[in-house]
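Here the structure is a predicted model, which is why all the values come from computation and not from measurement. Residue numbers start from 1 in every chain, and the chains themselves are labelled A, B, ... in the order their sequence lines are given, proteins ahead of strands.
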Amino acid sequence: GESVGLHLPTLSVQEGDNSIINCAYSNSASDYFIWYKQESGKGPQFIIDIRSNMDKRQGQRVTVLLNKTVKHLSLQIAATQPGDSAVYFCAESPGGGTSYGKLTFGQGTILTVHP
Amino acid sequence: DTAVSQTPKYLVTQMGNDKSIKCEQNLGHDTMYWYKQDSKKFLKIMFSYNNKELIINETVPNRFSPKSPDKAHLNLHINSLELGDSAVYFCASSQDRGLREAFFGQGTRLTVV
């Protein structure tokens with residue numbers, strides 16, 4: 001079936017570096033994508049989202065890039081801080097139909113930031 | 001004033017038992033969800049309710065039965081628990097069906113022994 005996956009299950013960076021977390025998706029009908037952050041013992045927390053009519057969206061210290069041609073999504077975190085250490089999930093959703101509202105999550109990438 | 005609260009946070013029970021997990025959101029959202037996260041951190045949607053109406057029902061054993069008494073509550077009842085049901089269960093809510101900026105609860109770690 002359709003799925004969303006991540007290239008790198010773990011990523012270790014030094015504090016202050018920029019981090020890039022990648023995600024590949026296979027459902028060409030997906031038109032909405034979200035990144036979530038999950039800290040240990042907590043539920044996922046919304047970071048940023050992007051619709052398929054956009055290539056890039058920026059938030060505070062985070063940027064999401066979408067390449068529909070190769071079905072690739074990335075999350076860039078600028079000046080990574082120890083508090084950014086968490087598991088990061090990408091998720092995708094189709095635009096409508098019976099699957100509207102259904103998010104398919106990727107595998108997750110563990111980001112570790114060293115002081 | 002937790003936005004999405006689940007109880008209990010931990011639940012240890014024997015195989016064959018019936019258990020419930022409760023979820024409440026005070027955000028005024030219309031849509032609520034149950035997700036299951038396995039030991040490999042994989043998150044998968046189980047159910048979605050919009051204004052008390054079931055709108056998403058994934059391939060989940062019918063031992064799992066969600067109940068929404070009102071749009072602020074979505075409880076999950078599980079009958080005849082099995083070892084494979086051990087996981088972390090997350091409740092979430094969002095303003096609309098698109099899960100945009102969904103708020104997740106802290107999770108309920110269910111362990112079946």
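Within the 4.5 Å cutoff, the side chain of B:Phe90 has heavy atoms near those of the A:Gln38 side chain. At least one side-chain heavy atom of A:Phe105 sits under 4.5 Å from a side-chain heavy atom of B:Tyr35. Looking at heavy atoms from C-beta onward, B:Phe104 lies out of side-chain contact with A:Phe46 at the 4.5 angstrom threshold.
For CD of B:Glu58, the number of neighbouring non-hydrogen atoms (other residues, nucleotides, ligands) closer than 6.0 Å is greater than 12. Other residues, nucleotides and ligands place more than 12 heavy atoms under 6.0 Å from the NZ atom of B:Lys71. Annotation for A:Lys68: atom NZ counts as buried by contact number, over 12 foreign heavy atoms lying within 6.0 Å.
Contacts of A:Gln45 with chain B are absent, with no heavy-atom separation under 4.5 Å from either backbone or side chain.
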Would you sort out whether A:Phe89 and B:Lys41 count as a side chain to side chain contact (heavy atoms under 4.5 Å, CB included), showing the intermediate values?
CA-CA 10 Å; A:Phe89 295 95; B:Lys41 296 286 189 181; 4.1 Å; yes
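Note: the hydrophobic cluster containing A:Phe33 does not contain A:Val70 (ILVMFWY, side chain heavy atoms under 4.5 Å, direct or indirect links). The hydrophobic clustering, which links ILVMFWY residues whose side-chain heavy atoms are closer than 4.5 Å, places B:Met46 and B:Leu110 together.
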